[in-house]
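Residue numbering restarts at 1 for every chain, and letters A, B, ... go by the order of the sequence lines.
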Amino acid sequence: MNLPRRLCGGRLASPVAALAAMTALLLLVALAAVSWVAVDASRSHLTAEIAATAQAQAASVGRKIERALDYGIPAEDLVGFASVHAALAAEDPTLAFAAVTAPDGRPLHVAGGGMTGETVAKALGDTTGDTYFVTRLPLSTGGALVLGHDLAAVMKPIVGMWFDIAIVLVVALALSFELMLLVVTLNVILPARVAERVLADAAAGRFGLLHGQVMRDEMGRFMTRLNGAVTAAAKRVGATPVPLRLPRLVGVRLLAFLFVFAEELARPIMPLFFAEVAGDAARSNALSAGIAMAVPMVVVALAMPIGSALYQQVSRIGLYVGGALCATAGLAGTALLADGLWSLVAWRSLSGLGYAATFIACQGFVIESTADADRGRGTAMMVSGIMLADICGPAIGGIIAGHLGHAETFLLGAAMAAVAAVAGFVLLDRATHGDEAPPRPSLGAVPAVLGNGRLVGLLLLGAVPAKLILTGFLYFLVPMALAEDGVGSADVGRIIMLYGLAAVVAGPVLARFADARAHRLGVVAGAGVATGLGLVSVGWLPGLPGMMVAVATLGLAQSLSIATQLAAALDVSQEAIAVHGKGPVLALLRLVERLGAAAGPLVAAGLAATFGTEGAIWQMGVGAAVAGCLLLLLHVRVRGRARMTGRTAA
Amino acid sequence: MVPGTLFLKLAVALVAVTVAAVSLSAWLNTLRFEATQTTLVERRLRMALDDVRRDILVGLDLGLKPAEMEGLDALLGRALAIMPTLRSAVVYDCAGRTLAAAGAPVAGQAAIAVKGRLRDDAWISLGDDLAAGGVALTDALGDCAGSVVMVLDDAPRQAALAAVGDRLWQAAAASLLLLVPALAVVRRVLRRRSGLVSHLSHDLDGLLSGAAPADRHAVGLTSREALTGGERRMIAAYRAARSALRGSAGRGTP
């Protein structure tokens, strides 16, 4: 009897599903074991560290109290206890209260914001330690000095570590699953699909196809025999069989993941590192960092259409591998050789060039390997690789940066880009499957696009603000603002990761919601307003909670609006598409979006220089909400006109 | 190259992926533990430095210079007594000369590294060559009055880090034992598939030699052993193609 089926109660449809479940279980248990040890170790070692600090603090205060007691001052007559506590609390914000108790436990002196004798007595009786980390130091009077630290605050570094342990588990699981899926697809699923087509062709008596993806295993040996049989049969019927190879589209997910991951590793520390390297007396560090982020994005925006134009001249492998090597050099140069703003911009621009080339290579591979009917699936595969990198990269990069340092994180990114180059050789098919090239903008389409008021409105009030806020807020202001608050890079990475996580988790549901809505402009406008509200919440919820709300809201809003924007843009561009084709119009839209993205860090840096980082976030939030409202007004106006003329509005 | 089997490929992939995943997890968790431990040790060292600085500030606010203060050695000694992991505590003047000290003398590479940081307002360094921190002293006018430096006995911290690192890597290695039952299950599933493939190959050979009947139902294949839906469809396509393939001249291997 089939063991996996028996183990799983026969519920699994096929052995491969049982194998997948078992692989997932194996990895989950293995990773959980390592994670559990990490949690346990942190609890024992690090809690002891916290206790030692609190003990030392108590000993220091206790020494002063004992000196007073030695002078004959009764414990209940001690003065200045509040100022001793205030001095301690000024240096240690986690200190909630301090108290001196009598031998019977009655508080004699209490200091701490809002703490009364009653609340201290309650805290002293809090044996479970749910609210306070209580440290008692016996005094010579028989009473005690009691220090109460806010438990949540002292445990914050440890709790942060537990979150990161969970994230590492999830990331490792996701990456492992992706790799196993790749191996099974390349070795089992794809060869079977090819064999099915060859056999169907043989069954029809044509004998025009041979199996062109024979693997070196037992099934491959069968397929080699099959090829022999087909060749012989083809001779009989006078056919010339050709090897059939199906595109290995599953590889595009890993390829897209690798080149984005290489960049995203340094995301949590990027503006900080750029400010360190590029800042000087003549220019604020923030502005220098903004320039260092913006210029390469302009390079990416301009390089994409050029890459699309070159796609059919340069092989896709050449474009991907060349791009990955450029990214490797760019990231390594950023880490090791950049020593001022313009050298930094040069190395970053090289990275940007590499990013553009690899993106175009992957996009071209998807377009060539799919027809209109399944292009969405192919594109989704590439996008899912990018989203996975958006989640994993900052999370892992933040942890690594906190330990190895900023430059070293860029070096690790360079190593990943080199791995991407090797993967490109292995995973990208050499064969050309179609002759459709990646879309590129055409100058002829420009007047058609710029003359379309609805499209311009959508671009200026929807698409450009969305990209501007993504790069200006998420990539620039979030790391800067959190660093100002003393938040470590691991926490920054975790927060940036929320953007991708929100999009991945809620994206499909929100996309279905958006598809069901006829009024796409309204959906885009609503998403813009939601983004704005999320950003301004930073002013109401200070610190990490506010930032988490803002980033998660941005992820949700953008997962709702991005696909809808595209559909809305196509809807309102029918005339231009009829003349110039969908490709050039779409490529032009993307170019404008990317230029908007390039403006983000500069706008953010300028606002931060004037209003501070929190003020800049607030301003961007207001801007997003205003743009959304204006787009909504435009939508209402367009709908009104459409009703009058009997046309359907987007 | 020796022809492989699917089991070998999947086994190698599973082992490689599992080793990579648990290694990544162990490594990242070690880094994260070290970062968190460093944060807490820094917090403790900062507390000790601030404590001593506060006491010295009392004298500075009265207009005394550190060189004129009595009992600095005892003050530093008390700081060491409160925090056993401190190895030494030193008060320097603005020129880097020692005014008071307690504990083991700061010498060698550590002394050079410390002297290089005396101008910093507040610093902590927990590296291989130095585990110490310092804070600048300023008088009532804001001018330099010296600095306080405390050197840690970093051995307990390093020992704790090594112990945790060892535990994590041991857990990672132990978790790899799970590969044994996992690979046994994979082998069991693929053995049945291997039987299916063998059957397909024999059938094809028989078909080509004319020994096997062309009837699609005569093949005796069951697609239950197929790994995926795609392989089941492939078997169905093979059944449909048998009569067309039967009697082709030449056998399998080109």
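Interface remark: of the candidates B/T36, B/T38, B/T18, B/T30, B/T36 forms the most heavy-atom pairs closer than 4.5 Å to chain A. With chain B as partner, the option from A/L199, A/T23, A/L190, A/L182 having the largest number of non-hydrogen pairs under 4.5 angstrom is A/L199. Options A/D40, A/V171, A/T94 differ in how many heavy-atom pairs under 4.5 Å they form with chain B, and the most are formed by A/D40. By number of non-hydrogen pairs under 4.5 angstrom with chain B, the leading residue of A/A33, A/A195, A/S60 is A/S60. Contacts with chain B were tallied for A/I189, A/V237, A/V188, A/D92; A/V188 has the most, counting heavy-atom pairs under 4.5 Å. In terms of heavy-atom pairs under 4.5 angstrom with chain A, the leader among B/G230, B/A35, B/A182 is B/A182. Chain A forms more heavy-atom pairs under 4.5 Å with one residue of B/S198, B/A171, B/A163 than with any other, namely B/A171. Per-residue heavy-atom pair counts under 4.5 Å with chain B were compared for A/M22, A/R197, A/K235, A/R193, and the maximum is reached by A/M22. With chain B as the partner, the residue from A/A203, A/A490, A/A204, A/A58 showing the most heavy-atom pairs under 4.5 Å is A/A203.
To the nearest 0.5 angstrom, B/H199 atom NE2 is 11.0 Å from A/F222 atom CZ. To the nearest 0.5 angstrom, A/M219 atom CE is 8.5 Å from B/L6 atom CG. Distance check: A/R221 CZ to B/L200 CG gives 13.5 Å after rounding to the nearest 0.5 Å. Between A/N187 atom CG and B/L10 atom CG the span is 6.5 Å, to the nearest 0.5 Å. In this structure, the separation between CG on B/L28 and CD1 on A/I165 is 11.0 Å, given to the nearest 0.5 Å. How far CD of A/Q57 is from CE of B/M83: 9.0 Å, rounded to the nearest 0.5 Å.
Just one residue in the list B/L14, B/T228, B/V186 forms a side chain to side chain contact (heavy atoms under 4.5 Å, CB included) with A/L19, and that residue is B/V186.
The part of B/R53 that comes within reach of chain A is its side chain, from C-beta onward, which places non-hydrogen atoms under 4.5 angstrom from that chain.
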Using the rule given for side-chain contact (heavy atoms from CB on, under 4.5 Å), can you reason through A/L226 versus B/L245, listing the C-alpha separation, both sets of side-chain angles and the distance that settles it, and then say yes or no? CA-CA 9 Å; A/L226 183 65; B/L245 289 168; 3.9 Å; yes

Let me see the working for A/I400 and B/W27 under side-chain contact (heavy atoms from CB on, under 4.5 Å), right down to the final yes or no. CA-CA 10 Å; A/I400 289 171; B/W27 181 57; 4.0 Å; yes

Hey, mind stepping through A/M161 and B/T39 against side-chain contact (heavy atoms from CB on, under 4.5 Å) and telling me if it holds? CA-CA 11 Å; A/M161 184 182 163; B/T39 301; over 6 Å; no

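Two residues are said to be in side-chain contact when any heavy atoms from C-beta on lie closer than 4.5 Å; B/L24 and A/V168 fail this criterion.
With respect to the salt-bridge test (charged N to carboxylate O, under 4.0 angstrom), the residues B/D55 and A/R63 qualify.
Of all residues spanning residues 45-55 of chain A, those with a heavy atom less than 4.5 Å away from chain B's heavy atoms are A/H45, A/L46, A/E49, A/I50, A/A52, A/T53, arranged by number.
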